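Here the structure comes first, spelled out in C-alpha cells, and everything after it is commentary.
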Amino acid sequence: MVFHNQRLSRELASRSMPVVVTETALLLLVALSAFFGNILVCLAIARNTRLRTPTNVLIFALSLTDITMSISTMPLTIGVLASGRWIYTKGVCIFQGSFPLTLAVISLQLMVVIAVNRYLCVLKPNLYRRVFTLKKSIGFAVGVFVLACLPTLSPLIYARKGYQFHPGKSYCAFAMEQNFIFALCMGLAFIASPFIIMTCLYCRIYCSVKNAVFPQQDSDCQPGNPQVHIQEVKVTKTLAAVLFGFSCCWFPIMIIDQIDMNNRVPMLPRRVYYMYGLLIYTSSAINPILYGLMRRAPAGPIFNKSYFCSAQGFLSCVESLFLLVAFIFAQLYSNFYSPPHLPFFFAVTFIGFFLLIVFYLFFLFSLDRMYDTYNWYLLDVFFCCCLTVFIIVSAGLLAHEANFKENHGDDFTKWFSDRLLAAVVMAFAAVLFLIIDIIFSLWQYRLMLKGLRARR
C-alpha cells in the first residue's frame with residue numbers, strides 16, 4: 001500500500017508543465033461548467049413560475065447538490081493538481097473524503113425519486129397528483145439528504161483514520177480497498193440499486209409512450225387529460241439522457257473501485273485514477289448541459305442586457321478574472337518553503353472570485369434593473385471596500401513572507417518566472433479595478449442624489 005502511494009506521489013510531483021496545465025485546466029473547465037450550468041438551471045426555475053412544478057423542484061435540488069460539489073471540493077483538487085502535492089490540513093482531508101461521497105449519493109437518490117416521479121406522472125397521473133405536490137417534493141428532497149448522510153458520514157465515527165490522500169486521484173477519499181464491507185454496502189445499496197431501479201422505470205415509461213399520440217399541451221400532469229402530454233415525454237427523455245450520462249460516469253468508477261478492492265492496493269496507473277476523479281466531477285456538470293439542451297427555453301428575455309453592457313458588469317468580470325488568475329498562479333506555486341499566509345491568500349482570492357461571480361449572475365438575470373438603485377450602489381461600495389482590504393492584507397503578507405527582492409536580487413528572469421509574484425501582482429491588479437469600481441459607484445450615487453434634488 002505504501003509503495004504504490006509513494007509511486008503515485010512521485011508521478012504526481014514529477015509531471016511536466018504541459019501536463020500540469022492540461023490536467024488543471026481540464027478540471028477547472030469542468031468545475032466552472034458545473035457551477036455556471038447549474039446556476040442557470042436554478043435561476044430558470046426560480047424566475048419562471050411555469051417551471052415551478054414538483055419535477056422541477058427535484059431538479060432544483062439536484063442542481064443545488066452539483067453547485068455544492070463544484071464550490072466545496074473541486075477547488076481543493078484543482079489546488080493539488082496545480083501544486084503537485086497535498087497542500088491542506090488533515091481536517092480538510094477528512095472533509096473532502098466524506099463530503100463528496102455524500103453529495104454523490106444524494107444526486108443518485110434524487111435521480112431515483114425523479115424517475116419515480118416520471119413513472120407516476122406518465123402511467124398513474126391520479127396517484128401522481130396525490131403523492132407529488134410541491135410541499136411533498138421538498139420533503140422528499142430533504143428526506144434524501146438525511147438518508148444519504150447517515151451511511152456516508154458514519155466512517156467519521158468509527159474509522160476517521162480511513163480518510164487518506166490518494167495521489168492518483170489527487171484528492172482525499174475513504175480507503176475503500178481497505179474497508180471491503182463498507183465499500184460493498186455502498187456500491188450495492190447506493191450505486192447499483194439506483195441504476196437498476198431507474199433503468200426499470202424508464203424502460204417501462206418508454207414502452208408505454210413510444211406509440212402514443214401526444215396533444216400539444218404544456219402542463220404538469222393536468223387532471224382531465226387521459227393522454228400523455230408531450231411536455232412530460234420531453235422531460236422524461238431529458239432525465240433518461242441524464243441517467244445515461246450518469247451511467248457513463250459511474251460505471252467506470254465502480255469498475256476501478258472493484259479492481260482496487262480485489263487487489264487491496266491502488267495498482268492502476270495514475271492517469272486511470274485521474275480519469276476516475278474527473279468522471280466523478282463531470283457527473284456534476286452533465287445535468288445542466290442535458291437539461292438546458294433538451295428543454296425548451298421560456299419566452300421573454302433571458303438576461304438583463306443593460307447590466308451586461310454596464311460599467312458595473314464589466315468591472316465585476318475583470319475583477320473576478322484577475323482574482324481567478326491570482327488563485328491559479330498561487331496554486332501553481334511549488335517550493336520546499338510555503339509561506340504561512342498562503343492558505344489565507346487562497347481563501348481570500350477564491351471567496352472573492354466566487355462572490356463577484358454570484359453577484360454578477362444575480363444582477364445579470366434580474367430583469368427589473370434592480371442594480372440601478374441607491375441601495376445597490378451603497379452595497380457595491382461596501383462589498384468592494386471589504387474585499388479590497390482583505391486582498392491587500394493577504395497579498396501584502398504573502399509578499400512580505402516571500403521576500404522577493406532577497407530571493408531574486410537583480411536577476412529579472414527569476415522575477416518573471418516566480419508564480420507567487422505573479423499571483424500577488426494579479427491580486428493587486430484586482431484591487432486597482434475594485435478601487436475604480438468604488439469610485440464609479442460613488443459617482444453614480446452622487447448623480448442620483450443630484451437628480452432627486454433637482455426633481456424636488
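Remember, predicted model here, so these are calculated numbers, not experimental data.
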* Asked: How far does CG of L101 sit from CZ of F174, to the nearest 0.5 angstrom?
  -> 9.5 Å
* Taking atom CZ of R446 as the centre, does the number of heavy atoms from other residues, nucleotides or ligands within less than 6.0 Å exceed 12? -> no
* Asked: Any side-chain heavy atom of Q109 sitting closer than 4.5 Å to one from P194?
  -> yes
* **Carboxylate-amine/guanidinium proximity below 4.0 Å for E11 and R271** => no
* Would you sort out whether S394 and F344 count as a side-chain contact (heavy atoms from CB on, under 4.5 Å), showing the intermediate values? => CA-CA 6 Å; S394 62; F344 177 54; 3.5 Å; yes
* **Closest non-hydrogen atom pair, L134 against P54** => CD2-N, 3.7 Å
* To do: Give a yes or no on whether F145 atom CZ has more than 12 heavy-atom contacts from other residues, nucleotides or ligands under 6.0 Å away.
  => no
* Asked: Looking at the rings of F251 and F195, which for Trp means the six-membered one, are their centres under 6.0 Å apart?
  -> yes
* Specify the closest pair of heavy atoms between D66 and S107, including all atoms of both residues, with the distance to one decimal. => OD1-OG, 3.7 Å
* Write down the atom of A399, the atom of V424, and the distance for their closest heavy-atom approach. => CB-CG1, 4.3 Å
* Asked: Does S441 use its side chain to pair, donor to acceptor, with the backbone of I438 at less than 3.5 Å?
  -> no
* **Side-chain heavy-atom pair F327, F353 within 4.5 angstrom cut-off** => no
* Asked: Are Q96 and T77 close enough that a side-chain donor and a side-chain acceptor fall under 3.5 Å?
  -> yes
* Please report the C-alpha distance between N56 and I59 in whole Å, then the side-chain angles of each, then the deciding distance to 0.1 Å, and finally whether the side-chain contact (heavy atoms from CB on, under 4.5 Å) criterion is met. => CA-CA 5 Å; N56 287 339; I59 293 175; 3.5 Å; yes
* Asked: What are the two closest heavy atoms between F322 and A430, and how far apart are they?
  -> CB-CB, 3.8 Å
* **I78 side, atom CD1; Y281 side, atom OH - distance, nearest 0.5 Å** => 8.5 Å
* **Residue pair C42 / S63, side-chain heavy-atom distance below 4.5 Å** => yes
* **Minimum heavy-atom distance C248-P252, with the two atoms named** => O-CD, 3.1 Å
* Does L324 reach the side chain of S320, with side-chain heavy atoms less than 4.5 Å apart? -> no
* Is it true that a side-chain atom of N117 and a backbone atom of V113 form a donor plus acceptor pair closer than 3.5 Å? -> no
* What is the distance from atom OH of Y88 to atom CZ of F346, rounded to the nearest 0.5 Å? -> 6.0 Å
* To do: Ignoring hydrogens and angles, tell me if any N or O in the side chain of S170 forms a donor-acceptor pair with the backbone of H166 under 3.5 Å.
  => no
* W86 side, atom CH2; Y171 side, atom OH - distance, nearest 0.5 Å -> 11.5 Å
* Can you check whether V19's main-chain N or O pairs, donor with acceptor, with T22's side chain at less than 3.5 Å? -> no
* Asked: Are I256 and Y273 side-chain neighbours, meaning at least one heavy-atom pair lies under 4.5 Å?
  -> yes
* To do: Could you walk me through whether V318 and F314 pass side-chain contact (heavy atoms from CB on, under 4.5 Å), step by step?
  => CA-CA 6 Å; V318 175; F314 172 76; 3.7 Å; yes
* To do: Quick one: do V393 and L397 satisfy side-chain contact (heavy atoms from CB on, under 4.5 Å)? Show the steps, please.
  => CA-CA 6 Å; V393 171; L397 289 172; 4.0 Å; yes
* If only atom types and distance count, is the side chain of R270 paired as donor or acceptor with the main-chain N or O of P167 below 3.5 Å? -> no
* Could you list the residues that satisfy side chain to side chain contact (heavy atoms under 4.5 Å, CB included) with S283, not counting sequence neighbours? => F246, C249, W250
* Could you give the distance from CG (L76) to CZ (F350), rounded to the nearest 0.5 Å? -> 8.5 Å
* **Test item: F383 and L356 side chains (from C-beta on) under 4.5 Å apart, heavy atoms** => yes
* To do: Output yes when a side-chain donor or acceptor of Y274 lies under 3.5 Å from a complementary backbone atom of E23, and no otherwise.
  => yes
* Answer yes or no: is there a side-chain heavy-atom contact under 4.5 Å between L12 and R85? => no
* Does any non-hydrogen side-chain atom of M69 lie less than 4.5 Å from one of P100? -> yes
* Rounded to the nearest 0.5 Å, what separation is found between the CZ atom of F390 and the CG atom of L434? -> 13.0 Å
* Asked: Considering all heavy atoms of both residues, which atom of M74 and which atom of A34 are nearest to each other, and what is their separation?
  -> CE-CB, 4.2 Å
